[in-house]
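Data first, discussion second: the structure below is written as structure tokens.
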Amino acid sequence: AKRQGKNNFQIYGSYVRGMTNGNLKLETLMHKALEQQELLLLYQPQMDAKTNTIYGVEGLIRWNNDELGMVSPQEFIPVAEETGLIVPIGEWVIRTACKQNKEWQQKGLSPIVVSVNLSIRQFYQSDLIEKIDAILKETQLDPCFLELEITESMAMHADTAIVILTELKKLGVKIAIDDFGTGYSSLNYLKRFPIDHLKVDRSFVKDIQVDDDRDIITTIIALGHNLKMKVIAEGVETKEQVAFLKKAKCDILQGYYYSKPLDSKMIEEMLLHQS
Ligand code: C2E
Ligand code: CA
Ligand code: CA
Ligand code: CA
């Protein structure tokens, strides 16, 4: 069953996976996840390639349920999309990330950007801009320290996406295109989107030994720079990858080579050590 609230632009429906019986159980348990505080946000450092200091962190959600154990976001985000629960969950993610980032700043740590992933349903929710604006005011985080990640495929309805992205930019937040290279964005639109960062998908970083993939990464970095964007590589795991990406002038590096996603305390310690 497809439930589309009046609040939504009517265009995401075809993306979401069909409901299966297995998901019904997930759905029931997920309803309680928010109120019972089973959700947590981890943060993965993003390193400035030039200075080797932390540029920012990406917030990545975790769901720890008594019965199911740790459920991967790859499993529950699609279900949350389908049921609409992604809207309150997504709002929780943004609020938690902003609050945490403000807290780090209030402790005198050097300011960093916190990025959060927006799901497609959240992105096309008509009150998205008001909600983000309200959270920024409530947490008193300077908007330039919040970054929103959307995927290429989410922006496929380019005319609507451009309106939303422009409104978001007016708030002063940063925008990143996630998983870049895996969707099919029109370069023509990309040029018109107010985007700060391109995140090269992990699949291209993975086989940096393969010549063809090197060419793709080099091309994406050049494309991003030509469009006045910074380029982030994700899934960076080896020192060979780091060396190649630095040589190719990739701006920001993220991956297990530097750190797994960590809890807020551990990020705080990393920030303390670097200042
Ligand atoms: P993503 O946005 O592409 O996030 C990157 C994923 O790659 C994360 O998986 C991260 O833990 C993992 N990763 C980071 N470095 C490495 C590495 O060096 N090697 C490898 N193999 N993997 C690495 P995670 O946390 O399981 O998240 C999976 C996906 O779930 C995310 O992909 C994102 O699409 C979604 N997701 C996570 N948190 C949220 C959220 O708060 N909201 C929404 N809407 N989606 C989320
Ligand atoms: Ca992401
Ligand atoms: Ca990604
Ligand atoms: Ca991905």
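Treat the numbers as computed from the prediction; the structure is a model and nothing was measured. Read the numbers this way: they start at 1 and go in the same order the structure lists the ligands and their atoms.
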Looking only at non-hydrogen atoms, the one of E234, E81, R202 nearest atom 6 (C) of ligand 1 is R202

Counting only N and O atoms by type, is there a donor-acceptor contact under 3.5 Å from the side chain of E35 to the main-chain atoms of K32?
no

Out of the N/O/S atoms in D179, what is the name of the one closest to the Ca ion (ligand 3)?
OD1

Check this for me: K174, atom NZ, are more than 12 non-hydrogen atoms of other residues, nucleotides or ligands nearer than 6.0 Å?
yes

Treat each ILVMFWY residue as a node, draw an edge where side-chain heavy atoms are under 4.5 Å apart, and state whether L60 and V79 are in one component.
no

Test of geometry: compute the angle OE1(E149)-the Ca ion (ligand 2)-OD2(D178) and round it to 10°.
90°

Please identify which atoms of ligand 1 are closer than 4.0 Å to at least one heavy atom of D179.
3 (O)

Below 4.0 Å from any atom of ligand 1, is there a heavy atom belonging to E58?
yes

Quick one: which ligand 1 atoms are inside 4.0 Å of a heavy atom on G255?
15 (N), 18 (O)

Is a side-chain donor or acceptor of D133 paired with a backbone partner of I129 at a separation under 3.5 angstrom?
no

Can you tell me if G90 contacts ligand 1 (heavy atom of the residue under 4.0 Å from the ligand)?
no

So is V116 touching ligand 1 or not, going by heavy atoms under 4.0 Å?
no

Does the N or O separation between I61 and ligand 1 drop below 3.5 Å for any pair?
yes

Flag for N64-E38: side-chain donor and acceptor within less than 3.5 Å:
no

Would you check if K131 and I94 make a side-chain contact, meaning some heavy-atom pair closer than 4.5 Å?
no

W92 side chain near L34 side chain, heavy-atom distance below 4.5 Å:
yes

Would you check whether D178 has a nitrogen or oxygen atom less than 3.5 angstrom from a nitrogen or oxygen atom of ligand 1?
yes

Is it the case that Q46 and E58 place a side-chain donor and acceptor less than 3.5 Å from each other?
no

With the threshold set at under 4.0 angstrom, would you say P261 reaches ligand 1 through any of its heavy atoms?
yes

The Ca ion (ligand 2) has as its nearest N, O or S atom from E58 the atom OE2

Nearest non-hydrogen contact with atom 45 (N) of ligand 1 belongs to which option: V205, I86, T151, N117?
N117

Taking atom types as modelled, is there a side-chain donor on D251 or H225 under 3.5 Å from an acceptor on the other?
yes

Is any N, O or S atom of N117 under 3.0 Å away from the Ca ion (ligand 2)?
yes

With no hydrogens and no angle check, just 3.5 Å: does a side-chain donor-acceptor pair link Q274 and T53?
no

Suppose we only count N/O/S atoms under 3.0 Å; would E234 qualify as near the Ca ion (ligand 2)?
no

Under a 4.0 Å N-O cut-off, is there an ion pair linking R121 with E82?
no

Given that the side chain starts at C-beta and the backbone is N, CA, C, O, which of these parts of Q122 lies under 4.0 Å from ligand 1, counting heavy atoms, or is it both or neither?
neither

For ligand 1, which atoms sit closer than 4.0 Å to a heavy atom of E237?
17 (C), 18 (O), 19 (N), 20 (C), 21 (N)

Between Q254 and K199, is there a side-chain donor-acceptor contact under 3.5 Å, judged purely by atom types and distance?
yes

Under 4.0 angstrom from ligand 1, any heavy atom of R62?
yes

D127 side chain to E130 backbone, donor-acceptor under 3.5 Å
no

I want to confirm something. Looking only at heavy atoms, which of D201, L60, I89 is nearest to atom 31 (C) of ligand 1?
L60

Give the atoms of ligand 1, by number and element, whose distance to some non-hydrogen atom of Q44 is under 4.0 Å.
14 (C), 15 (N)

Just let me know how I77 lines up against ligand 1, side chain, backbone, both or neither, with a heavy-atom cut-off below 4.0 Å.
side chain

Under a single-linkage definition using a 4.5 Å side-chain heavy-atom cutoff for Ile, Leu, Val, Met, Phe, Trp and Tyr, are I89 and L42 assigned to the same hydrophobic cluster?
no

Report, in ascending order of atom number, the atoms of ligand 1 lying under 4.0 Å from any heavy atom of S119.
44 (N)

Measuring from atom 41 (O) of ligand 1, which candidate in I150, T238, V93 has the nearest non-hydrogen atom?
V93

